[in-house]
Amino acid sequence: MTTTHASPTWTPERIETLLALPLPELMWQAQQTHRAHFDPTEVQLSSLLSIKTGGCPEDCGYCPQSAHHEAGVKADKLMDPDLVLANAQAAKDAGASRFCMGAAWREPKDRDIDKVAAIVEGVKAMGLETCMTLGMLNAQQAQRLADAGLDYYNHNLDTSPEFYGNIITTRTYQERLDTLQVVREAGMHVCCGGIVGMGESRRDRAGLLAQLAGLDPYPESVPINSLVRVAGTPLEQAPDLDPFEFVRTVAAARITMPKAWVRLSAGRKELGDGIQALCFLAGANSIFYGDTLLVTGNADVDADRALFTRLGLHAASDGAATQAAQPQAAPAQTRIPIQPAA
Ligand code: SF4
């Protein structure tokens, strides 16, 4: 049975009410929250590299790396460590402050942990923050990675507990929560978010945010992905979602997790400059930066630089990232949504 983490402050019902506010009201609340904790012109840049691509035994319906789907992604072995380090240096030179590495595993084997721990040490030595997403971890593996200096571990909840079974059948929600728990206990920061646009309802988006905000403490880093409909995956034909629903989700993430880095992740390129700008106004303050996001395209670096210039945004310094990565449980006193639209 899944142990739900919905906080007493941010219930799914309350977040659903928040999501339904008139957009100007929702944005105003999100902006006030954002400005209370961050410089609203500052955006943290993370770069993501797939260090082990394809052939994953899990069946996540959105993912081209799943061996269950026919998306044409070739299964590779773990990348040569020197190549990983060369990519990390290039990301740093391009302005990234955090280097995220992803491996398409259900869970790493202990011998894999030794290899990736050495990679973490090498990337840390460059002065970059490090993040990994390797699938489920046990407590010993989490501690080994923490001891190697891994700053963040990414493990997404993806969607609400109620909708989850429509998307993934090979890993339970509870297994995800268990991995997040051992990551916390090992002393690492948590990066955890979800995906919008998989055919879920607004209530499901509220349910996801309630789970995230209910983690104690809530994640330091919250990636909000917009589904990229990849040919050959079960979600290839997922219905269109009004992009303002994505903006609303970002705003509600900001309000419910005030000190988190709220990151625009997969699907950012497809959102276009206008919706991205609205997301920054709604409190998004981190992006994945670089040409590829695991195996789907990302907004290219030149386009990002041009957008930042047009919007007057700038990259967050390392110090800002470290300083802000100290979330607390949701405050007892929070703004009551007013004038719900529905
Ligand atoms: S999302 Fe991760 S766990 Fe799921 S199929 Fe893709 S690589 Fe595997």
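Just so you know, ligand 1 is whichever comes first in the structure, and atom 1 is the first atom listed for that ligand. Both backbone and side-chain heavy atoms feed into the values below; hydrogens, waters and symmetry mates do not.
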(Q) Within the 4.0 Å heavy-atom shell around A104, which atoms of ligand 1 are there? (A) 7 (S)
Q) In ligand 1, which numbered atoms sit nearer than 4.0 Å to a non-hydrogen atom of R171? A)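 So the atoms of ligand 1 that pass are 3 (S).
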Salt bridge or not for [X] and [Y], using N-O below 4.0 Å?
X	Y	answer
D114	R144	yes
E58	R106	yes
D240	R229	yes
D59	R171	no
E245	R202	yes

(Q) Can you report which non-hydrogen protein atom sits closest to atom 8 (Fe) of ligand 1, along with the distance? (A)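 Going atom by atom, the protein heavy atom closest to atom 8 (Fe) of ligand 1 ends up being C56 SG, 2.3 Å.
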Q) To which protein heavy atom is atom 4 (Fe) of ligand 1 closest, and what is the distance rounded to 0.1 Å? A)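 Heavy-atom neighbour on the protein nearest atom 4 (Fe) of ligand 1: C60 SG, 2.3 Å.
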Q. Within less than 4.0 angstrom of ligand 1, does R106 place any heavy atom?
A.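 It does not; every heavy atom stays at 4.0 Å or beyond.
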Q. Within 45° of the axis and under 6.0 Å from the centre of the six-membered ring of W261, does NZ or CZ of R263 qualify?
A. no
Q.
If the cut-off is 2.8 Å, does any N/O/S atom of C63 fall short of it from atom 6 (Fe) of ligand 1?
A. yes
Q.
Under 4.0 Å from atom 1 (S) of ligand 1, is there at least one protein heavy atom?
A. yes
